[in-house]
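Heads up: the structure comes next, in structure tokens.
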Amino acid sequence: MFYIGADLGTSSLKLLLADEEGIIHRTVTESYPLELLNHGWSQQNPDDWWEKTVTGLQKLCEGIDPSEIGGIGVAGQMHGLVILDENDQVIRPCILWNDARCAEETEYLNTVISRETLSACTANIAYAGFTAPKLLWLQKNEPENFARIRRIMLPKDYINYRLTGVHASDYSDASGTLLLDVKNKCWSEQMCEICSVRNEWLPQLHESYEAIGTVSNDELPFLRGVKVAAGAGDNAAAAVGTNTVSDMSCNISLGTSGTIFIAADHFAVDDANSLHSFAHASGKYHLMGCVLSAASCRKWFLEDILKRSDYGTIEAEITDDMLGNNHIYFLPYLMGERSPLNDTDARACFIGMDLSSSPSQMELAVMEGVAFAIRDCLEAASAEGIRITASTLCGGGARSELWQKIMANVLNIRIDLPEAEEGPGYGGALLAMMADGRFETMEECSSRFFQIRKSVEPDHDAAMRYEQRYQIFRRIYPALKDIFKQNKEEKK
């Protein structure tokens, strides 16, 4: 029996076909455009996602007996606002997770409504990337589109809707809307009232591993009748794929964004709301810190600034003795920052350059800056008494051996590299297995297929040097915070 996992990312859809032993037999990647507008606006056309889903599934399933496909599990980029009208047509492009247009609405929710009220209703405070601020922005700036809303969806839920005709979501993805009462796993009536959202617009809620229906779309006749799992937000799905389901286990992802994901058996909220308190795809909970720009920082610097695509060549110029001895700092806030700063005005910058500075030193600073930002999130967890001594590492950035070393030394923890490197897509396939009834619990399913390919231990001397550099790094943003705000005002 085969199972399909899908990862609906910011730049592409990644599909994989795994057998019942967890072995990946085939992968397909389909790219689609990203519309980046002025002032940090970021959006995509949901119909582009669907078009690539159809094309990708046709390629993935070519030559496969349809009766041998047991299920589909879709993981996806979180927080995006997809809205449909009374004819189930997309009203406008999806406002994405890394869109910064909702700063005023975020400020309104956190100050006028109050952080205390938001945390009581949803276990979280407002961030510009969340879905609720997007709805307030839409109501204010595009009232004619807001008036047409009949269904509200998250990105991966739109794919599931097109597959099955069922309007559904899962608790992990819904946690990032700021409309969900995370503790009680239901839509918050108070938050819906604040955002003028009608209950009938919202999807039915399920655990990530539950089947919501079967494929019924005529564009995919070869998959008709195949079970579809509710799916999960990309980070929760990646956590399933890396066996981050037991209490206080940790996974770090270096994708377009960066995250630190800490699984928890019980519901909890950190005192400062610096970390997101979300439901987990396992059926339990997790705490998560999110850095908006991670591997995207490296891509921006190498490809857009240096006009180079030879990642390995420039990485080879960075020797071990340079680790912790670089005189350049980089703030990785290309799209503003979420955890723990919650500042849409923050911007990226290099600090400490002189006439001796080289491209390789700047590249090292970029990689270190992302690691320091992840360390900020780890410090927020430490403030709550959470002690992390090891973490799995996944995402495109995790393929870099240099970045593996940097992460181990900056965080001063062991870094474990999973055998399967497909991240959210692999987690989606495991959710499909659960929906098909192959396992009783998510813990049993996840641990059944997880293997560590290699581990990277921190080097004591390098970790000590990075500790000193991190203490300097954490002082840079506070010193520049007012300048970032002033810079934004001058752009208006």
Side-chain angles (χ1 to χ4, degrees), residues 6 8 13 32 43-54 72 74-97 99 102 105 122 129-181 185-208 210-220 228-233 279:
L8 183 71
L13 171 70
Y32 33 72
Q43 57 189 42
Q44 282 176 328
N45 183 354
D47 288 330
D48 289 341
W49 303 334
W50 176 246
E51 178 185 344
K52 297 303 183 180
T53 298
V54 173
I72 301 173
V74 184
Q77 50 171 299
M78 297 179 68
H79 314 304
L81 176 62
V82 180
I83 51 174
L84 306 189
D85 63 17
E86 61 183 2
N87 298 313
D88 289 339
Q89 298 300 304
V90 174
I91 294 173
R92 69 169 326 280
C94 172
I95 305 175
L96 298 187
W97 60 273
D99 188 285
C102 302
E105 290 73 23
T122 72
F130 283 6
T131 316
K134 295 177 173 66
L135 285 161
L136 292 178
W137 182 92
L138 194 71
Q139 187 177 27
K140 177 182 177 181
N141 295 277
E142 298 179 7
E144 69 287 354
N145 284 334
F146 189 88
R148 295 171 58 198
I149 295 176
R150 294 298 179 271
R151 297 185 193 273
I152 293 173
M153 299 181 180
L154 294 160
K156 69 103 172 57
D157 299 330
Y158 179 70
I159 299 303
N160 281 346
Y161 182 68
R162 295 294 297 267
L163 287 170
T164 66
V166 177
H167 188 210
S169 189
D170 78 293
Y171 296 115
S172 75
D173 213 0
S175 295
T177 63
L178 202 67
L179 297 173
L180 185 77
D181 177 346
K185 292 188 175 181
C186 62
W187 296 116
S188 167
E189 293 183 8
Q190 186 172 351
M191 282 305 301
C192 288
E193 183 177 349
I194 290 169
C195 297
S196 301
V197 170
R198 298 180 184 177
N199 187 262
E200 60 265 27
W201 295 352
L202 296 169
Q204 297 176 350
L205 294 168
H206 299 264
E207 295 291 356
S208 299
E210 293 178 342
I212 62 168
T214 59
V215 176
S216 58
N217 195 297
D218 291 337
E219 295 180 73
L220 298 165
V228 177

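This one's a predicted model, so the numbers in the text were calculated from it and none came from an experiment.
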Among residues at least two apart in sequence or on other chains, which ones pass side-chain contact (heavy atoms from CB on, under 4.5 Å) with [X]?
X	result
S196	Q139, F146
A6	L13, L15, V74
A211	A435
P93	Q43

Quick check: do [X] and [Y] have side-chain heavy atoms less than 4.5 Å from each other?
X	Y	answer
W201	I83	no
H206	V166	no
S169	T177	no
L180	L205	yes
V82	Y161	no
W50	V90	no
I152	L81	yes

Which atom of [X] lies closest to which atom of [Y], heavy atoms considered:
X	Y	answer
G80	L154	O-CD2, 3.5 Å
S172	G233	OG-N, 3.1 Å
W187	P203	NE1-O, 3.1 Å
N217	R162	ND2-O, 2.8 Å
C195	L136	CA-CD2, 3.9 Å
P46	Y158	O-CE2, 3.4 Å

When rounded to the nearest 0.5 angstrom, what distance separates [atom1] in [X] from [atom2] in [Y]?
X	Y	atom1	atom2	value
T53	D48	OG1	CG	10.5 Å
I91	E86	CD1	CD	9.5 Å
N141	K134	CG	NZ	14.0 Å
Q204	E210	CD	CD	11.0 Å
L135	I194	CG	CD1	12.5 Å

Residues in side-chain hydrogen bond (donor to acceptor under 3.5 Å, both in side chains) with S175, at least two apart?
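Not a single residue meets the side-chain hydrogen bond (donor to acceptor under 3.5 Å, both in side chains) criterion with S175.
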
Going by atom types only, do Y32 and D47 share a side-chain donor-acceptor pair under 3.5 Å?
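Judged by distance alone, the side chains do not pair up.
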
W49 and C94: side chain to side chain contact (heavy atoms under 4.5 Å, CB included), yes or no, with the steps?
CA-CA 11 Å; W49 303 334; C94 172; 3.6 Å; yes

Does a salt bridge link K156 with D173, judged by any charged N lying under 4.0 Å from a carboxylate O?
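Answer for the salt bridge query: yes.
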
Provide the full list of salt bridge (Lys or Arg N to Asp or Glu O under 4.0 Å) pairs with a residue in residues 141-153, sequence neighbours left out, each pair given once.
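Sorted result for residues 141-153: D85-R148, D88-R151, R92-E142.
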
Does atom CD of E219 have more than 12 heavy-atom neighbours, drawn from other residues, nucleotides or ligands, at distances under 6.0 Å?
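Check passes, neighbour count above 12.
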
Heavy-atom donor-acceptor pair, [X] side chain to [Y] backbone, under 3.5 Å:
X	Y	result
T164	V215	no
N160	A230	yes
T131	H79	yes
N87	Q89	no

